[in-house]
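Numbers restart at 1 for each chain; the letters A, B, ... are given by sequence-line order, proteins then strands.
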Amino acid sequence: MFGLVDGNNFYASCERAFQPELIGKPVVVLSSNDGCAIARSNECKALGVKMGQPIHEVPRDVRRQLIVRSANFGLYGDISSRIVQILSDLFARVEVYSIDESFVSFEWIKPSDRARVAKEARARILQWTGIPSCVGIGQTKTLAKAGNKLAKKTVHGVVELVDPRAQLAAYPLEDLWGVGRKWSAKLGAEGIMTAVDLMDADTETLRARYGVVLARTQAELLGHPCSDIVEVEADRKQIVCSRSFGREVVELDDVCHAVAAFASNACEKLRSRSLMCGGVWVWLNTNPFKEDAAQYHPSKAFNLIAPSCDTREVMSVATALTKAMYRKGYRYKKGGVGLLDLTHGDIHQADLFAGVDPRSAKLMDTMDQVNAKFGRGAMVMAQTMRRGGAKWAVKRENLSPAYTQKWSDVLRVS
DNA sequence: TCTGGGGTCCTAGGACCC
DNA sequence: TCTGGGGTCCTAGGACCC
């Protein structure tokens with residue numbers, strides 16, 4: 001038996017946790033560069049703001065009523081791990097599925113106790129973190145997800161799918177886990193509109209037309225688990241850092257500056273997972289929304305001779321790739337660095353000709369420790385610095401304080 | 001004026017192996 | 001003139017997730 005615990009309107013609720021005066025108000029959290037709505041309080045949804053909608057497309061009179069926040073992922077990640085801690089106390093197994101969702105296992109819990117334990121989890125999360133949440137319970141993860149969605153519309157916030165066929169009779173296909181926009185449109189054209197329609201569809205036909213993924217979704221709907229709780233997160237296969245620039249950038253030096261920052265960032269993530277990369281990939285983009293402007297979106301990759309997690313090495317490769325791709329005259333709007341072929345540091349093929357410099361690991365380790373102690377950015381590569389700041393700097397005009405991460409931002413109670 | 005970022009898995013087809 | 005069978009690996013594209 002599986003449960004899915006999900007923080008309601010998670011990012012918006014995190015903002016409210018430290019600013020309770022926002023409760024009852026239309027709060028919207030924006031993506032990087034203050035571009036699109038990525039979380040909305042119920043009041044904000046009621047005003048018609050859509051998920052993923054560019055904020056400049058929201059009518060001016062609606063925008064005036066909104067309380068706008070720039071995404072503060074440091075804060076959200078911190079609250080997320082506190083919620084996971086609470087769940088780990090209550091359930092035998094927990095799978096952290098995303099920043100705001102965890103699957104939990106109801107094994108060892110009597111059927112008659114399921115709802116009680118779920119309510120206890122909600123109550124603790126609300127009291128200890130200030131985040132409202134919902135719990136869905138079902139025989140498979142897919143059913144638990146659907147139960148969670150149904151729970152959002154209830155007052156008590158817990159739904160167990162005891163009779164999926166009855167409870168999902170009107171459940172729209174596009175709300176089902178594993179069925180996205182394309183497939184729900186295609187299935188709809190075949191007369192399959194609800195979760196129950198999918199349960200009753202011919203398995204072989206589904207398998208042939210949509211592949212094994214949708215066939216598994218059907219099996220899960222019918223109560224046959226195809227996936228269990230995964231407690232230990234699998235190693236990443238790639239790590240990417242990309243950003244839209246705060247404004248269009250023209251000069252090679254500014255493009256290189258941005259790419260160097262992305263490379264540095266990606267390497268930090270790499271080392272935090274004790275991984276090394278065997279390849280580096282860089283890409284650039286002009287602004288695709290400016291249809292009359294000249295478009296250019298180059299991309300280039302390079303395989304390292306031996307795996308590395310040394311920021312200096314990755315940065316110099318990324319810079320070389322950037323210089324090779326850069327063309328004068330284009331207005332660049334976005335760029336990114338990807339690290340590929342990730343492996344664990346302890347098992348790798350060394351370079352036959354160039355020995356491994358033992359100082360590299362020590363230097364990176366020291367940098368990471370300094371930054372952990374004195375705050376991110378305390379020690380950086382000179383290449384990521386520029387007099388007068390970054391031309392490409394991302395816009396974050398409505399950022400809330402780092403309540404849980406900086407001493408200077410801790411709330412004062414008077 | 002303004003338009004996000006970071007992932008995964010599956011499938012089909014081509015290149016290559018013995 | 002006749003021209004096999006059984007594999008793996010890699011890549012690109014397309015779907016999905018949050």
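C/dG4 and B/dC17 are spaced 14 Å apart, taking the C1' atom of each and rounding to whole Å.
Of the charged side-chain nitrogens involved, at least one lies within less than 4.0 Å of a carboxylate oxygen, so that A/E43 and A/R16 count as a salt-bridged pair. With respect to A/R386 and A/D253, a salt bridge is recorded, a charged nitrogen being found less than 4.0 Å from a carboxylate O. A salt bridge does not link A/R216 with A/E220: every distance from a Lys NZ or Arg NE/NH1/NH2 to an Asp or Glu carboxylate oxygen is 4.0 Å or more. Contact check on A/D175 versus A/K145 returns no salt bridge, with no Lys/Arg side-chain nitrogen under 4.0 Å from an Asp/Glu carboxylate oxygen. Look at A/D6 and A/K152 and you find a salt bridge, because one of the NZ, NE, NH1 or NH2 atoms lies within 4.0 Å of a carboxylate O, short of that distance. Under 4.0 Å is where a charged nitrogen must lie from a carboxylate oxygen, and between A/E251 and A/K391 no such pair does.
Nucleotides of DNA chain C with any atom under 4.0 Å from a heavy atom of chain A span, from 5' to 3', C/dA15 to C/dC18.
Side-chain atoms of A/S70 and A/D34 form a donor-acceptor pair, as typed in the model, at a separation below 3.5 Å. The closest side-chain donor-acceptor pair between A/Y403 and A/E15, if any, does not fall under 3.5 angstrom. Defined by atom type and a distance below 3.5 Å, a donor-acceptor pair is missing between the side-chain atoms of A/D61 and A/Q65. Side-chain N/O atoms of A/Q19 and A/R69 include a donor and acceptor closer than 3.5 Å. For the residue pair A/S244 / A/N33, no side-chain donor-acceptor distance below 3.5 Å is found, with atom types taken as modelled.
For the pair A/N72 (side chain) and A/S400 (backbone), a donor-acceptor distance under 3.5 Å is present.
At a threshold of 4.0 angstrom between heavy atoms, the contacts of A/Q53 with the nucleic acid are absent. A/D34 comes within contact range of no nucleotide atom at all, as no heavy-atom separation falls under 4.0 Å. Note on A/R216: only backbone sugar-phosphate atoms sit closer than 4.0 angstrom, heavy atoms only; bases stay farther off.
Contacts between residues 326-341 of chain A and DNA chain B, defined by a heavy-atom separation below 4.0 Å, involve A/K333, A/K334, listed by number. At a non-hydrogen distance threshold of 4.0 Å, A/R236, A/K237, A/Q238, A/I239, A/V240, A/C241, A/S242, A/R243, A/S244 from residues 230-252 of chain A come into contact with DNA chain B. Of the residues in residues 173-204 of chain A, those placing a heavy atom less than 4.0 Å from an atom of DNA chain C are A/L176, A/W177, A/G178, A/V179, A/G180, A/R181, A/K182, A/W183, in numerical order.
Aromatic ring centres of A/F2 and A/W177: separated by at least 6.0 Å.
Stretches of at least 3 consecutive Watson-Crick or G-U wobble pairs, with each checked distance under 3.5 Å, appear in DNA chain C as B:5-18 with C:5-18.
Judged as a ring-ring contact (aromatic ring centres under 6.0 Å, His included), the pairs with a partner in residues 285-316 of chain A (not counting sequence neighbours) are, in order, A/Y296-A/Y330.
Within a 6.0 Å sphere centred on NZ of A/K149, heavy atoms belonging to other residues, nucleotides or ligands number 12 at most. Atom NZ of A/K300 sits in a sparse spot, with 12 or fewer heavy atoms from other residues, nucleotides or ligands closer than 6.0 Å.
Each of A/R60 and A/V213 lies near DNA chain B, and the nucleotide nearest A/R60 is the one positioned closer to the 5' end. Ranked by how close their nearest DNA chain B nucleotide is to the 5' end, A/S31 and A/Y210 are led by A/S31.
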